[in-house]
There are 2 protein chains.
Amino acid sequence: MLAVPGVVGHPEIMWKSEHGMSARKPTIDDVARLSGVGRTTVSRVLNGGPNVREPVRRKVLEAVEALDYRVNPQARSLAGGGSRVLALVLASDLDAEPNSFYASALELGAVRECLQSGFQLFTRHVPQDDPAAVQQVIDIAVNQRCQGVILTPPFSDNADLIQQLRARGVHLAAISPGGGGRGLVDAVGIDDEAGGRDIARYLLEFGHRHIAYLGGIAGHLSAESRLDGVRRAMREMGLPDDALTVERGDFTFRSGGLIAARVLALSPRPTALICANDDMAAGALSVAHARGLQVPGDLSISGFDDTPVSAIVWPPLTTVHQPLKAMGGEAVRLVSERITGAAGDWAFRTLPHAVVVRESAGAWHA
Amino acid sequence: MLAVPGVVGHPEIMWKSEHGMSARKPTIDDVARLSGVGRTTVSRVLNGGPNVREPVRRKVLEAVEALDYRVNPQARSLAGGGSRVLALVLASDLDAEPNSFYASALELGAVRECLQSGFQLFTRHVPQDDPAAVQQVIDIAVNQRCQGVILTPPFSDNADLIQQLRARGVHLAAISPGGGGRGLVDAVGIDDEAGGRDIARYLLEFGHRHIAYLGGIAGHLSAESRLDGVRRAMREMGLPDDALTVERGDFTFRSGGLIAARVLALSPRPTALICANDDMAAGALSVAHARGLQVPGDLSISGFDDTPVSAIVWPPLTTVHQPLKAMGGEAVRLVSERITGAAGDWAFRTLPHAVVVRESAGAWHA
DNA sequence: CTTAAAATTGGAAGCGCTTCCATAATGGCG
DNA sequence: CGCCATTATGGAAGCGCTTCCAATTTTAAG
């Protein structure tokens, strides 16, 4: 290590790196002293402020390097720099396994963007059906002094929650809001209605005429518009309303199986199952296997989301791809723009979806 | 809201809840004023300190309630109360899907425990094969001023990383360390060797005599001892060494399929595949399906971990259950004990595992 | 060369909390 | 009833940073 003039006289700055903890982490004042400028100037350099001449900036940066200095985020936050903390709120049924792949993909995309924009991300799972859920989300945001919160369905549609968070000065972005959150908050999502229409069309082209839709909870508005899309596709193909049977579950593997069993007992038996997400499709697939039905020979099944689940099951699921990572990243960008102060109307960014053809859907044996 | 004596004269405390942000969040001084005690006393109550008389404590708590006061964690941290931030570090191959279920289960358990003990948890995914991984983990810990870090495999075995983090005053706990981390750090895990032995025995009892072990990367020590267990079981059953074929992948679905394909081309063909985790088993299962092999009729397959993947595939996987949530929780407890100051030798808590019998393993057609 | 305007820079005041230390109240005993 | 050991309580000093504002240096006109 260099013999640093400014640091002389502060013997407690030494690092006893061998036997445990260092005596003291370098502070902004250490950097200021070492680079021979004022504390304020260092702060300017660190925060990309204006009015710093190039040679000065370089000197400061060198000192930062030499001392391996890192801004203390807690101090920065206290001093008014903003906590730079964002929370990603995911719904989950407490002890049931969360829809991990969906959540992970969103999180991954969000974290990556946070790294770039210098935010810190917390991911928190909140039991969606809990009546205290709203309060819990607020607690998360307020307790940690989050500057922003990213809401996922069905929280994206909770106008009350949105209102309350905003009243406490928290900036927001929503992922896939349906009617509720739309226009109330910055958001990102795909065109769910088109997604539903596309997958339905794909199936109808194989000639399927009895279709069942395995949906999620009704309050999940974006998933609900997938159903609207399915209905539209059928109408456009001139099919009667009773060609479609609709049943609802809760997006879990288990409920997919339960509903599939119910639907497969119908007569005439549907030849295709359109599921609201991949997990439910996987559940339906298991039931099909258990009954010895060939997929897609006896029964076509489609998923939604294109999470890894769709590739893991057999046969792999034909599904609708959602760019979840990109959605997570975009959500971060949206809140961060709000935090930076950009005003204006609530944005809704629509990202592209696509039907991913694998092997679980096709024509059926006569 | 109550007309609060102490607050009079501070008109800026009002909440303009309608049009956006509140003017100011209540501080500890507001609580002190309202309850008519000193700031220090409030702090004591908030932190469970000694020497506070019951009526005083109650008064303070009432004021907290009335003002909906929350400690500002940033301020507390700055003042020396410790950041109360923990980081859970997970390995992942950057763009490959992380083993989400494994990660989520650990995280869920950890978060739950954190809620109880008042810690804040960050979950961060670090590309394991990156040479800069160690530095990245250190950055996460240092930048956020984490008090503790929970390491998962293969970081649990990285003595260098452990050393460096400790040198910076970060407290640690490791999940499932193998040789490397064992004895260097507080840790929790199952008896992997016994787990491997148990599942191997289960299969051998069906009479399998040609077995392939689909392992993970060799550096993943705890998974490696599962293989030791398998070997031991075979030896105990008097089987020759060449009854076991060992191939390695990287714990992903994809590599499971790749290796399975290779192994199934062997002659004589193994009648059972023991996989190092559920994802690889799922990959192997897909390959079996693709080749028209009956499972378990033609081929038995077993997983490890008992993540939801094992229930989602068909047939559902016989696997070894790891109490992942409990492990996550225990890890938090371990670091938090260190932070609180309990000294002593490094602990290793062994949690119970169990063979979960489902349908992917059994006897084979003669 | 002056002189005002613009660009840099640093001093000082907190942000909300914990903690050290001094002060005040309480209690046990002789 | 006093006196000293406890037990309670509050005052004041920072923790490391951002930011307001005043001071200083440049630069651009005049």
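Note on naming: letters A, B, ... go to the chains in the order of the sequence lines (proteins, then strands), and numbering restarts at 1 for each one. As a basis for the values below, the full set of heavy atoms in this structure was taken, side chains included, without hydrogen atoms, waters or symmetry mates.
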I need the B/Gln128 CD to B/Phe155 CZ distance, nearest 0.5 Å. 6.5 Å
Working to the nearest 0.5 angstrom, can you tell me the gap between A/Ile150 CD1 and A/Asp186 CG? 11.0 Å
Select one nucleotide: of [options], the one nearest the side-chain heavy atoms of [X].
X	options	result
A/Leu78	C/dG16, D/dC17, D/dT9	C/dG16
A/Tyr69	D/dC15, D/dC17, C/dT9	D/dC17
B/Arg39	C/dT18, C/dA13, D/dC15	C/dT18
A/Asn51	C/dA7, D/dC15, D/dC17	C/dA7
A/Thr40	D/dC17, C/dT18, D/dC20	D/dC20

Got a sec: does the CG of B/Asp345 have more than 12 other heavy atoms crowding it under 6.0 Å? no
Quick check on B/Glu54: does its CD atom have over 12 non-hydrogen neighbours (other residues, nucleotides or ligands) under 6.0 Å away? yes
Is A/Thr27 touching bases, backbone alone, or none of the nucleic acid, heavy atoms closer than 4.0 Å? sugar-phosphate
Taking any heavy-atom pair under 4.0 Å as a contact, classify B/Asn72: base, sugar-phosphate, or nothing. sugar-phosphate
Could you walk me through whether B/Arg333 and B/Glu330 pass the salt bridge (charged side-chain N to carboxylate O under 4.0 Å, His left out) check? CA-CA 5 Å; B/Arg333 231 164 288 131; B/Glu330 190 59 34; 2.4 Å; yes
Out of the candidates A/Leu67, A/Asp68, A/Asn72, only one should pair with A/Arg70 under the side-chain contact (heavy atoms from CB on, under 4.5 Å) rule; please name it. A/Asp68
Rounded to the nearest Å, what distance is computed from the CG atom of residue A/Asp30 to the P atom of nucleotide D/dC15? 11 Å
What is the distance, to the nearest angstrom, from the CD atom on A/Gln74 to the C1' atom on D/dC15? 11 Å
Does C/dT8 have its OP1 or OP2 closer than 4.0 Å to a side-chain nitrogen or oxygen of A/Arg53? no
Under 4.0 Å: is that the gap between some side-chain N or O of B/Thr41 and OP1 or OP2 of D/dT9? no
Has the side chain of A/Arg44 got a donor or acceptor that lies under 3.5 Å from a partner of the other kind on the base of C/dG10? yes
Would you work out how much the helix from C/dC1-D/dG30 to C/dG30-D/dC1 bends between its ends, with each end axis defined by five base pairs, to 10 degrees? 30°
If you pin A/Val42 and B/Ser77 to their nearest nucleotides in DNA chain D, which one's is more 5'? B/Ser77
Nearest nucleotide by nearest heavy atom, which residue falls closer to the 5' end of DNA chain C, A/Gly36 or A/Arg145? A/Gly36
